[in-house]
Amino acid sequence: MGFAMRMKLNDSIVKKETFRNTYIDGKRSGFEFKAQLAYYRGHFLSDIDSLEVYLDGEKMPDWAITFELNGKEMPLYKVYEAQTEFWSQVNQATIRVVKAGGVADGDHELDFRLMLRVPYMQIGPDHNFMPLDSGEKVTVHVEEVKEGKFDE
């Protein structure tokens, strides 16, 4: 792909302050964060051509990623087929990733790659539509509260 439209209307696509570890039975089991579209119109989830998450340069496997919107959480392969689920520009989706051990304390590079197609902007034959880059690379910080260190 030689080009992609980019309209970053929000201060951020990845909401860095929402990045956190997730836990199962008290053990770090992965991480999650919220993301918002970088386009003035919403999109049906089936308009998503690719969604990838990289942490510190390591690509997270597709099977480990889930996407939650409007109270519905689905594995990544279902997102590409969700023709009736609409993602409004003002709504934030929650991206969850299963990662054994979670994320260590400190700063980390999160690269959220999200490519959509704009279905009303055909740019060529054979159903080629305008690609829309709605991803972002950010630095996130993890600092777990240690037991007994809570503010009162």
Side-chain angles (χ1 to χ4, degrees), residues 1-83 85-118 129-151:
M1 170 181 345
F3 65 94
M5 184 167 52
R6 178 88 169 159
M7 292 182 137
K8 188 174 174 186
L9 301 177
N10 309 310
D11 288 339
S12 61
I13 295 165
V14 172
K15 306 304 178 189
K16 295 189 294 188
E17 68 279 2
T18 67
F19 186 91
R20 66 183 187 94
N21 276 306
T22 55
Y23 293 81
I24 296 176
D25 292 331
K27 297 179 184 171
R28 288 184 184 186
S29 61
F31 61 91
E32 70 178 26
F33 60 92
K34 293 191 182 295
Q36 193 170 9
L37 284 174
Y39 194 54
Y40 72 99
R41 287 186 155 180
H43 282 276
F44 287 98
L45 297 185
S46 59
D47 291 333
I48 295 174
D49 282 333
S50 69
L51 188 158
E52 297 176 333
V53 177
Y54 292 77
L55 186 67
D56 296 328
E58 176 188 356
K59 183 181 187 297
M60 301 293 105
D62 289 351
W63 62 262
I65 301 170
T66 62
F67 183 97
E68 182 181 329
L69 184 69
N70 302 324
K72 298 174 185 172
E73 185 174 9
M74 60 192 85
L76 198 51
Y77 74 91
K78 290 276 191 185
V79 170
Y80 303 127
E81 299 172 6
Q83 297 176 0
E85 286 302 317
F86 190 77
W87 188 3
S88 170
Q89 187 273 338
V90 297
N91 292 343
Q92 294 179 11
T94 301
I95 313 302
R96 291 189 180 92
V97 179
V98 174
K99 182 176 182 348
V103 181
D105 287 359
D107 289 339
H108 299 274
E109 181 182 81
L110 176 67
D111 189 357
F112 177 58
R113 299 181 187 179
L114 178 64
M115 292 299 295
L116 301 99
R117 67 185 164 284
V118 182
F129 296 93
M130 177 65 74
L132 171 66
D133 180 354
S134 194
E136 183 174 52
K137 187 185 288 188
V138 297
T139 299
V140 294
H141 184 76
V142 176
E143 186 174 341
E144 298 294 319
V145 176
K146 306 296 184 214
E147 190 175 336
K149 299 285 183 178
F150 296 101
D151 291 330

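All residue numbers refer to positions in the sequence shown, counting from 1.
Summarising the geometry, atom CG belonging to D107 is positioned 10.0 Å from atom CD belonging to E143; distances are rounded to the nearest 0.5 Å. The distance from atom NZ of K34 to atom CG of N91, rounded to the nearest 0.5 Å, is 10.5 Å. From R113, atom CZ reaches atom CG of L51 across 11.5 Å, with rounding to the nearest 0.5 Å. In this structure, CZ in R96 is found 7.5 Å from CZ in R20, a value given to the nearest 0.5 Å. The distance from the CG atom of D111 to the NZ atom of K59 is 11.0 Å, given to the nearest 0.5 Å.
Contact record, I24 with S29: CG1-OG, 3.4 Å, taken as the closest heavy-atom pair. Heavy atoms only, all atoms of each residue included: L69 and F67 are closest at CB-CE2, 3.7 Å. T139 and K16 make their closest contact through O-CD, 3.1 Å (heavy atoms, listed as atom of the first residue, atom of the second, distance). Across all their heavy atoms, V53 and I95 have their closest contact at CG2-CG2, 4.0 Å. Residue N70 comes nearest to F86 through the heavy atom pair ND2-O, 3.4 Å, listed as atom of the first residue, atom of the second, then distance. Closest of all the heavy-atom pairs between A35 and W87 is O-CZ2, 3.5 Å.
Checking E73 against T66 by side-chain atom types alone, a donor-acceptor pair falls below 3.5 Å.
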Steps toward side-chain contact (heavy atoms from CB on, under 4.5 Å) verdict (V97, T22): CA-CA 9 Å; V97 179; T22 55; over 6 Å; no
Check against side-chain contact (heavy atoms from CB on, under 4.5 Å), V138 and F19: CA-CA 11 Å; V138 297; F19 186 91; over 6 Å; no
Audit row: E85, M74, side-chain contact (heavy atoms from CB on, under 4.5 Å) steps and yes/no: CA-CA 11 Å; E85 286 302 317; M74 60 192 85; 4.3 Å; yes
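Using modelled atom types, no side-chain atom of N21 and backbone atom of F31 make a donor-acceptor pair closer than 3.5 Å. The main-chain N or O of Q36 is never found under 3.5 Å from a side-chain atom of Q89 such that the two would form a donor-acceptor pair.
Looking only at side-chain heavy atoms (C-beta outward), Y54 and M60 stay at 4.5 Å or farther from each other. Looking at heavy atoms from C-beta onward, K72 lies out of side-chain contact with K78 at the 4.5 angstrom threshold. A heavy-atom distance below 4.5 Å is not found between the side chains of T94 and F33.
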